[in-house]
Amino acid sequence: KAKSAFLANISHELRTPIAVIRGAAEVLEAHPELPAVCRPRLVSIHRSAVRMSELLEAMLLLSKEVDDGDDPACALSEVVEDVVADCQPSLARRPVEMRIEMRAHPILAVERSLAYVVLSNIVRNACAYTERGTITVTLDLDGIVVEDTGVGIPEERFPSLFDRHA
C-alpha cells in the first residue's frame, strides 16, 4: 500500500514538470514569429521532453508489481521512426547516414514506452560508436536489427554485456 502511494505521488511530481516543458515547447513551435534559428533547439527540447515522458512511463511500468489488466498494443514501426528521429541530431557533425528498412509493420503486445526505451538505448549506442558510415535499423516480422559500421564491442566484453552496472 505504501509503495502504491509513493508511486502515485512520485508519478504526479515527475509528470507535471515534464508536461509543462512539453506544452510550452509545443506552443512555441506553433508561434509564427519564432526565429528560424530557434526552431531546431525548440524541436530538440520538445523531443527530449517526449523522451523523458516515455522513460518515466517505462520506469513506472517496470516498478509496478500488479498487472492492471490492460492489453497494450504497440506499433513498432512508429517506435522505430521516433527513435531514429530522436537520435538523428546526435550525428549532425559526422558523416553517418541513418537508414530505416521497414519490411513489416508489426504490432507488439508491449507498452510503447518500454519498446521505445529498449530500442533507443541500442540506437543511441550505435550513434555513439559510429564515427562514419551507416546505421541501419531494420524492422520485419522476426524482429528489429540495428547494424552499424562502428567499432563494435570487443569480444572479451561479451560475457558481461548483460551484467547490471554498479
Side-chain angles (χ1 to χ4, degrees), residues 14-15 18-19 21-26 28-30 34 36-64 70-166:
L14 292 173
R15 282 183 176 133
I18 293 171
I21 294 167
R22 195 171 167 176
E26 288 169 359
L28 287 171
E29 280 181 303
L34 180 71
V37 70
C38 296
R39 192 162 300 280
R41 295 273 186 208
L42 194 53
V43 168
S44 178
I45 290 168
H46 183 253
R47 284 197 170 283
S48 293
V50 169
R51 186 176 15 209
M52 286 174 25
S53 179
E54 291 192 337
L55 181 58
L56 174 61
E57 292 303 317
M59 289 175 17
L60 291 170
L61 282 168
L62 289 172
S63 70
K64 286 183 180 180
D70 285 347
D71 186 18
C74 171
L76 282 181
S77 58
E78 293 174 9
V79 175
V80 167
E81 289 170 349
D82 287 348
V83 166
V84 168
D86 288 347
C87 292
Q88 192 76 45
S90 70
L91 301 172
R93 291 177 172 75
R94 286 184 270 158
V96 178
E97 178 186 0
M98 179 112 47
R99 300 177 186 157
I100 298 175
E101 292 184 11
M102 213 67 78
R103 298 179 183 162
H105 298 273
I107 304 296
L108 190 64
V110 66
E111 290 290 340
R112 184 190 193 287
S113 58
L114 293 176
Y116 179 92
V117 168
V118 170
L119 184 59
S120 70
N121 282 339
I122 296 167
V123 174
R124 277 188 286 117
N125 280 340
C127 292
Y129 295 104
T130 303
E131 290 300 318
R132 62 178 28 95
T134 59
I135 298 170
T136 305
V137 181
T138 304
L139 175 62
D140 61 27
L141 292 177
D142 293 324
I144 301 173
V145 175
V146 178
E147 297 175 292
D148 63 71
T149 55
V151 295
I153 300 170
E155 194 169 330
E156 62 270 11
R157 290 207 40 228
F158 286 5
S160 63
L161 275 181
F162 296 102
D163 291 350
R164 186 178 188 102
H165 295 290

Trainee: R103 and T138: side chain to side chain contact (heavy atoms under 4.5 Å, CB included), yes or no, with the steps?
Mentor: CA-CA 7 Å; R103 298 179 183 162; T138 304; 3.6 Å; yes
Trainee: How close do T149 and G133 get, heavy atom to heavy atom, and via which atoms?
Mentor: OG1-CA, 3.3 Å
Trainee: Can you confirm whether V43 sits close enough to E29 that some side-chain heavy atom of one is under 4.5 Å from a side-chain heavy atom of the other?
Mentor: yes
Trainee: Should D86 and S120 be marked as a side chain to side chain contact (heavy atoms under 4.5 Å, CB included) after you check the CA-CA gap, both sets of side-chain angles, and the distance that decides it?
Mentor: CA-CA 8 Å; D86 288 347; S120 70; over 6 Å; no
Trainee: Would E101 and R99 pass as an ion pair if we require N to O under 4.0 Å?
Mentor: no
Trainee: Is the shortest side-chain heavy-atom distance between V146 and L119 below 4.5 Å?
Mentor: yes
Trainee: Do you know the tightest heavy-atom contact between R51 and R124?
Mentor: NH1-CD, 4.4 Å
Trainee: Would you please test I122 and I144 for side chain to side chain contact (heavy atoms under 4.5 Å, CB included) and show each step?
Mentor: CA-CA 11 Å; I122 296 167; I144 301 173; over 6 Å; no
Trainee: Identify the two heavy atoms, one from L34 and one from L28, that lie closest to each other, and give their separation to 0.1 Å.
Mentor: CD2-O, 3.7 Å
Trainee: With no hydrogens and no angle check, is any side-chain donor or acceptor of R15 less than 3.5 Å from a backbone partner on L56?
Mentor: no
Trainee: Would you mind reporting whether M52 and R22 have side-chain heavy atoms less than 4.5 Å apart?
Mentor: no
Trainee: Grab the two heavy atoms, one from V110 and one from C74, that are nearest each other, plus how far apart they are.
Mentor: O-CB, 3.2 Å
Trainee: Quick one: does any side-chain atom of S48 pair with a main-chain N or O of S44 as donor and acceptor, under 3.5 Å?
Mentor: yes
Trainee: Is there a side chain to side chain contact (heavy atoms under 4.5 Å, CB included) between R112 and E57? Walk through the geometry before answering.
Mentor: CA-CA 9 Å; R112 184 190 193 287; E57 292 303 317; over 6 Å; no
Trainee: If you measure from CD1 on I107 to CD on E78, what distance do you get to the nearest 0.5 Å?
Mentor: 7.0 Å
Trainee: In this structure, are over 12 heavy atoms from other groups packed under 6.0 Å from E156 atom CD?
Mentor: yes
Trainee: In the structure I gave you, are the side-chain heavy atoms of S77 and L139 within less than 4.5 Å of one another anywhere?
Mentor: yes
